[in-house]
Amino acid sequence: MVYGVILFPSIYFALRAEKKSKEKGLSVRLIPVPRHLSSDCGVCLRIPWEEREVIRSLLKEEKVKMEGIHLLE
Amino acid sequence: MIYFDNAATSWPKPPEVKEAMVRFMDEIGANPGRSGHLLSIEAARIIYEAREALSTLFNVKDPSRIVFTLNATESINLALKGMLRPGDHIVTSSMEHNSVMRPLRHLEKKGIALSVVPCFQDGTLDPKELEKQVQPATKMIILNHASNVTGTLLPIREVGRIARERHLLFLVDAAQTAGAYPIDVEKDGVDLLAFTGHKSLYGPQGTGGLVIGENVNIQDLTPLKHGGTGSRSEFEEQPDFLPDRFESGTPNAVGIAGLLAGARFVLKQGVESIRRHESQLIEKLIEGFKDIPQITLYGPEETKDRIATLSFNIQNLSPSEVASLLEEEFGILCRPGLHCAPSAHKTIGTFPKGTVRFSLSTFTSDGEVKQSIEAVRHLLHQKD
Ligand SMILES: Cc1ncc(COP(=O)(O)O)c(C=O)c1O
C-alpha cells in the first residue's frame, strides 16, 4: 500500500482530520511526523495515497487547515 | 444538608466528572498536543472532544471557534478588551454581574463610551429601550442571559435580532444559563458567547470558554495572553488561527476532562429536561413562599421568564442573619448579600442590603424544596 501524510498547523486540526476521516470509513492513522518533514504539531495523518483527493475535499469541508500532503517514502 | 448555592458553583457533580478527572490523572496526564507522543495526543483528544461536545450544546458549526479559558470572567475580559477600541460605544443592561460591569468601567476610562439600559424592577428588559441607546459609534451589545441575582431571563433572541439588523456584535454572558437553558448561537444571533464550566455545565472550577462566531473577524480580536501554543514554534509571532490564537500556555487539561464529562452529562439528560425539572422546583418554591406575608420575593413570578435562582428577603432580618440561621439550624447552604452585582440590586431596590439567594440544580429534589419552605416557616415562628 502506498501511503501519504497530511501535515497540520496544530493538533486540533490533526485530531479533527482523524475523526472526520474515520467517520467516513477511511483508514487513516495519526503518526509522528516523519523526520524529513517538519511540522511543529508533532503528529500527522497517514492516509492511503489514492484517497488523498477525497480526504482533501472532506477536510476542506470540515474546516480543517492543512499544511500540505506528502507522499510517504 | 441542602445545597442551594448552585448559582455560585454547582454541587454535587455527576460522578462521571470526578471519574474523568481521575482517569486523566492516572492514565493520561501529559501536556496536550505539545509533544506528539501517545499521552500528549490523548490529552489533546480530550480537549478536542470537549470542544465538540460544547459545539453540539450551543449549535456551533465549527468547534475551533470555541476557545477555552479559566471561567466566564476571563472570556468576557477577552471579548471586551480584545474587541473594543477608544471611540467605540457599547450598550449593556443594569442587571449585569461585576464580571461585565468592572471591565466596562475600566474600559470607560480608556475612552470607550458606555450606555447602561435600565431594567424593570423584576429584572426584565424591554428590547425597544435597549435599541434606543444604539448610536452610530455603537460596536457591541453585551447582556447576561440570566441574572445571577433574580434568575430573570433577558430576551437575547430579540436583542440578537436587533444586533444583526444594526450590524453590531452581540456578546452574551451565559454563566448562569449554559447547560440549564437552551442556547443556540445561530437562532439567538449571538456573536460571542461567554460560558463557565463550574455551574450548570457541572464541570470543575477553572474551566470556561468563549464561542467566537463567524461574524467576528479574529484578526480584530486581540488575545489577552500571548505565548506558547505547541504550534508554529519556529515563529516568534502569535498564531493567527483558531483556537491557538487565544489559547497560549498549558491549559487546565484535567479540568477540561471534567468539563467534557459534565457537558456529556448535560447532553445526555437534555437541556430541555433539565430545564423542565428545575422550573417545576422553582415554581414550588415560589408557591411555598408566596403565602408567607413576611417574605418579599424578587424577580419575575412566572417560571417561563426565569431560571431556578430565587432572591428573597425576610422582614426585619438581614440577608446574612437569614443565611446563618438557615445553615446553623436547618443545614441549608445559600448565599446572602450582593452576589457581585451591585447594579442589579439597585435595579430591584435591594442595594446595599442585598438578598438571600436560593439557587437549585438538576440534582435538587422535591423533598429539599419542601424542607426549605418548612425551614423558613420555622425560622419565622422562632422570631415571632
Ligand atoms: C451572571 C454571571 N456572569 C459571570 C459570572 C462569572 O463567572 P466565573 O466566576 O465563573 O468567571 C457569574 C458567576 O459568578 C455570573 O453569575
Side-chain angles (χ1 to χ4, degrees), chain A residues 3-49 51-73, chain B residues 28 30-56 60-68 209 212-214 218 227-251 253 256 260:
Chain A
Y3 291 108
V5 292
I6 307 180
L7 304 183
F8 304 94
S10 88
I11 185 92
Y12 165 83
F13 298 107
L15 288 165
R16 184 165 175 83
E18 178 197 40
K19 183 159 182 176
K20 293 297 165 190
S21 306
K22 283 190 169 165
E23 280 172 9
K24 290 275 189 249
L26 294 156
S27 66
V28 300
R29 232 177 100 186
L30 285 179
I31 60 164
V33 177
R35 215 171 307 150
H36 68 282
L37 297 171
S38 109
S39 168
D40 192 49
C41 98
V43 288
C44 59
L45 193 69
R46 195 189 71 178
I47 60 166
W49 185 242
E51 305 275 21
R52 64 190 181 282
E53 287 314 318
V54 175
I55 295 177
R56 193 207 301 271
S57 62
L58 167 71
L59 297 187
K60 224 172 139 186
E61 204 173 299
E62 297 291 354
K63 303 196 175 210
V64 174
K65 279 192 188 354
M66 291 169 267
E67 286 196 325
I69 305 185
H70 302 264
L71 185 64
L72 197 61
E73 323 270 352
Chain B
I28 303 174
N31 198 315
R34 299 294 201 266
S35 315
H37 55 67
L38 190 70
L39 293 182
S40 172
I41 295 170
E42 275 317 299
R45 202 188 297 280
I46 296 281
I47 294 177
Y48 177 81
E49 291 295 332
R51 255 188 259 280
E52 255 198 7
L54 291 161
S55 299
T56 306
V60 177
K61 294 279 148 58
D62 175 2
S64 77
R65 302 202 77 98
I66 298 188
V67 300
F68 286 111
I212 302 172
E214 311 270 346
I218 64 160
T229 55
S231 53
R232 296 272 158 94
S233 292
E234 64 274 37
F235 299 109
E236 292 187 0
E237 271 76 40
Q238 190 74 9
D240 58 2
F241 53 84
L242 286 164
D244 297 34
R245 178 172 166 80
F246 304 104
E247 289 186 349
S248 292
T250 303
I256 293 171
L260 167 60

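A, B, ... follow the sequence lines: proteins, then strands. Residue 1 opens every chain. Quick caveat, the model's predicted, so the values are computed rather than measured.
Between A/L59 and A/K65 there is no side-chain heavy-atom pair separated by less than 4.5 Å. Taking 4.5 Å as the limit, some side-chain heavy atom of A/V5 sits within range of a side-chain heavy atom of A/I31.
The existence of a salt bridge linking A/E18 and B/R45 is confirmed by a sub-4.0 Å separation between a basic side-chain nitrogen and an acidic carboxylate oxygen.
For chain B, the option among A/K19, A/R16, A/K63 with the highest count of heavy-atom pairs below 4.5 Å is A/R16. Residue with the most contacts toward chain A among B/S64, B/G33, B/P32: B/S64 (heavy-atom pairs, distance under 4.5 Å).
For a residue to count as touching a neighbouring chain, one of its non-hydrogen atoms must lie under 4.5 Å from one of that chain's; by this rule A/E62 does not touch chain B. With a 4.5 Å cut-off on non-hydrogen atoms, B/L242 touches chain A through its backbone but not through its side chain. With a threshold of 4.5 angstrom between heavy atoms, A/L30 approaches chain B through side-chain atoms but not through N, CA, C or O. Looking at B/P63, the atoms closer than 4.5 Å to chain A (heavy atoms on both sides) sit in the backbone and in the side chain alike.
Side-chain contact annotation: B/S248 with B/Q238, donor-acceptor N/O pair under 3.5 Å present.
Counting non-hydrogen atoms of neighbouring residues, nucleotides and ligands closer than 6.0 angstrom, the CD atom of B/E237 reaches no more than 12 such neighbours.
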